[in-house]
J.: 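Please read through the structure below; I'll follow up with questions.
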Amino acid sequence: MKKTNSLIGWPKFQQSLKAFWDRWQLGRLLIVSFLALFLVVSLYLVTIAKTAHVQKLEANLSQTTNIYDNSGQMAGELYSQKGTYVKYNQISQNMRDAVLSVEDRNFYHEHGFSIKGLGRAVFLFVRNRLTGSHVISGGGSTITQQLVKNAYLTQEQTFSRKLKEIFLSMQVEQVYSKDAILTMYLNNSWFGNGVWGVEDASQKYFGVHASELTTAQAATLAGMLTNPSGFNPIDHPDRSKSRRDLVIQTMVENKKLTSQEAAQAKATPIVLNDTYTGDDSYRYPWFFDSVIAEAVNKYGLDEKDIMNHGYKIYTTLNQKDQQNLQNDYQNNALFNSQSEAQAATIVLNAQSGGVRAVIGGRETTHTFRGFNRANQSRLQPGSIIKPIVVYAPALEAGYTIDSKLPNHQLSFGTNGYSPNNALNVQTGDVTMYQALEHSYNIPAVYLLNKLGVNVGFDSAQKFGLPVTNDDKNYALALGGLTKGVSPQDMAQAYTAFANDGTMSQAHYINKIVDSSGKVVVSQPDYKQKQVISSKVADNMTRMMLGTYTNGTGAGAAPSGYTIAGKTGTTENPNDPNNANSSKDSWAVAYTRDVVQVSWMGLEGSSPNSLPLGLMGTIGPLVKTSMGQILPNTDERNFTVTNPNKPASDSNKNNSDNKQDWASNAQNAINDGVNKTVDGANKVWDTIRSWLGN
């Protein structure tokens, strides 16, 4: 039979290929390349294992992350993958035998990983790649591998994660005994129905300690480890019993039970008895959520590490204030029974900016790290922005608290912006402090027009408010912002008025120490800056003292205490025809010691409305909560007086009279300047109209 040309040429091709292979020594090159790759990968994995600090693993897993208050007292713990930690000899031998039989029979004879399991993982990896899959289907993880996977790695099923798991397991085996590894594994395993760890699982399902587990009970818990949701006896009693009996049989095969003992255990019914009391250590959820957020966002810690690695976090929390505030939020009467309205409150140390207490909503069931309206919301601030963008800049520009301002219908700018007071009230000229305490809108816009919108905008930025360029308009004077602010933003800004013009950044954390005692954060990372002069701050406080005596906050001050501050409301766009309604209600109350900001409002497109006055919304909350907070402070008095007090008041001294005289003189000068400026503006407007602009 005649050979084809292709077959005739094949030996020549083989010879050429062999000559090429031999000439360039490709075989050796491939071997060297493989060894080099293996070396690089090994070095990488060894580095990961060595830098994982497995020496801290037991301390991290056995210790909870503790939260301390501003006096160094324990305030609570952060919950996560932790149950009640018990020692090796506090775990029943039945439980240890059951787990080893069903999970890892050769545990005490391995060095962190199983050769058979690794071979099976490689086989499945190759098979899955050939079939187009990119996962590792099984692989016989040892107990040590399962421990390091939960402690250090993600749950993704990839070959690279499997390699990291093996190298970390070997490192853990070098540091800890087998008994210690088994103890850590059982204390940090998930058993479903909200419990971690063998001790809490024993209490949850059988009402006993882990040291008291019988063979049948231990086999039931051990059977749940691979699938707690599918094999737990509460939700799936039949499947749980079948799984338990399978575990008992493996104990016989592993020579941990005799056939007679196994038969007796299988005949035992599963009797449930739940004595687990749950974890009540997360007792200040809104504050603890905020602590975690700050640790993650400001100090770069990982949430999983924070929750599981036994940190000690020292905070600015005042437990008494926080508990009182939480109790207040359970009292619907303090919100005038407005059940549909949401609310939030934050209390700051006026000098340092440290958050003493915070509530982020009125939810009956707290969602871990859920939406916190106190520090994550973007709300329209209404009139509480006036002191920041209008009146403080006005005082800096030379106005006094007695300067007269118009309070009748006016239009401003080329677009004829024409604000209205609440209920369309109009009066004769009012002093600046009267305009502020009664929260008149027309004088505020009038002043912003005189100062210039850019001046108000710059002041908002100086006070740390998150304004944008779109907010450069007259609505800024009334709190009509593009995106809005949070109660924390406003509380932080108001610390400047309470603290001689120095604004302190709000913060929750003072210090962080890890489980080994190393100080991770030695002092809080927050800023303080002088945003206004002490004189301007004092005069702003003088004006805002009237809010709670003569103005919009009258009736909301706690008995026996003097507070300053500002109230604010926003119109309800869903109820535009009701002049007596609002969508948001704000109250800022401060002393020299604390600043509190409370908000209450309707979210979404609710057709309902809130009353216009503070005492119809959160006035009762302000009165009650401030009455609880102030006795818990140094109770430092203001050094300035309320301008509403008569001149014959016994507290009115000569220096006050001199200040009033100076204010009146300055007021007369300013009024003259203002009239001149008004005339110049009219002339300029006439010229612009002639020019067609």
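Computed from a predicted model, the values in this text were never measured in an experiment. The analysis underlying the following values was restricted to heavy atoms, covering all of them including side chains, and did not include hydrogens, waters or symmetry mates.
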J.: Between the side chains of Asp489 and Arg378, is the shortest nitrogen-to-carboxylate-oxygen separation below 4.0 Å, so that they form an ion pair?
T.: yes
J.: Go through the steps for Asp200 and Thr84 under the test side chain to side chain donor-acceptor pair (under 3.5 Å), then give the verdict.
T.: CA-CA 6 Å; Asp200 288 351; Thr84 303; 2.8 Å; yes
J.: Between Lys256 and Glu261, does any side-chain N to carboxylate O distance fall below 4.0 Å?
T.: no
J.: Evaluate the side-chain proximity of Phe287 to Thr316: yes if any heavy-atom separation is below 4.5 Å, no if none is.
T.: yes
J.: Is a side-chain N or O of Arg283 found less than 3.5 angstrom from the main chain of Ala75, in a donor-acceptor match?
T.: yes
J.: Would you call Gln319 and Tyr284 a side-chain contact if the rule is heavy atoms closer than 4.5 Å?
T.: yes
J.: Not counting sequence neighbours, which residues clear side-chain hydrogen bond (donor to acceptor under 3.5 Å, both in side chains) with Lys87? List them please.
T.: none
J.: Which pair of non-hydrogen atoms, one from Ser486 and one from Ser377, has the smallest distance, and what is that distance?
T.: CB-O, 3.4 Å
J.: With distance as the sole test, does Gln528 use its side chain to make a donor-acceptor pair with the main-chain N or O of Thr502 at under 3.5 Å?
T.: no
J.: Looking only at the side chains, is there a donor atom on one of Ser202 and Gln217 sitting less than 3.5 Å from an acceptor on the other?
T.: no
J.: Strictly by modelled atom types, are Asn318 and Asn632 linked by a side-chain donor-acceptor pair under 3.5 Å?
T.: yes
J.: Do Lys266 and Asp245 sit within salt-bridge range, that is, some charged N less than 4.0 Å from a carboxylate O?
T.: no
J.: Does a side-chain heavy-atom distance below 4.5 Å link Val358 with Tyr508?
T.: yes
J.: Do Asp104 side-chain atoms and Leu100 backbone N/O form a donor-acceptor pair below 3.5 Å?
T.: no
J.: Verify, without hydrogens or angle tests, whether Tyr176 (side chain) and Leu182 (backbone) share a donor-acceptor contact under 3.5 angstrom.
T.: no
J.: Check for me whether Lys204 meets the cation-pi criterion with Tyr276, that is, NZ or CZ under 6.0 Å from the six-membered ring centre and within 45 degrees of the ring axis.
T.: no
J.: Going by an N to O cut-off under 4.0 Å, is there a salt bridge joining Arg369 and Asp289?
T.: no
J.: Identify, with sequence neighbours excluded, every residue that meets ring pair (Phe, Tyr, Trp, His ring centres under 6.0 Å) alongside Tyr311.
T.: none
J.: Find out whether Gln146 and Glu103 are in side-chain contact, i.e. whether some heavy atom of one side chain is under 4.5 Å from a heavy atom of the other.
T.: yes
J.: Do we see a donor-acceptor contact under 3.5 Å between the side chains of Gln326 and Gln330?
T.: no
J.: After noting the C-alpha distance and the side-chain angles of Gln596 and Ser625, does the key distance pass the side chain to side chain donor-acceptor pair (under 3.5 Å) rule?
T.: CA-CA 9 Å; Gln596 175 183 291; Ser625 60; 3.2 Å; yes
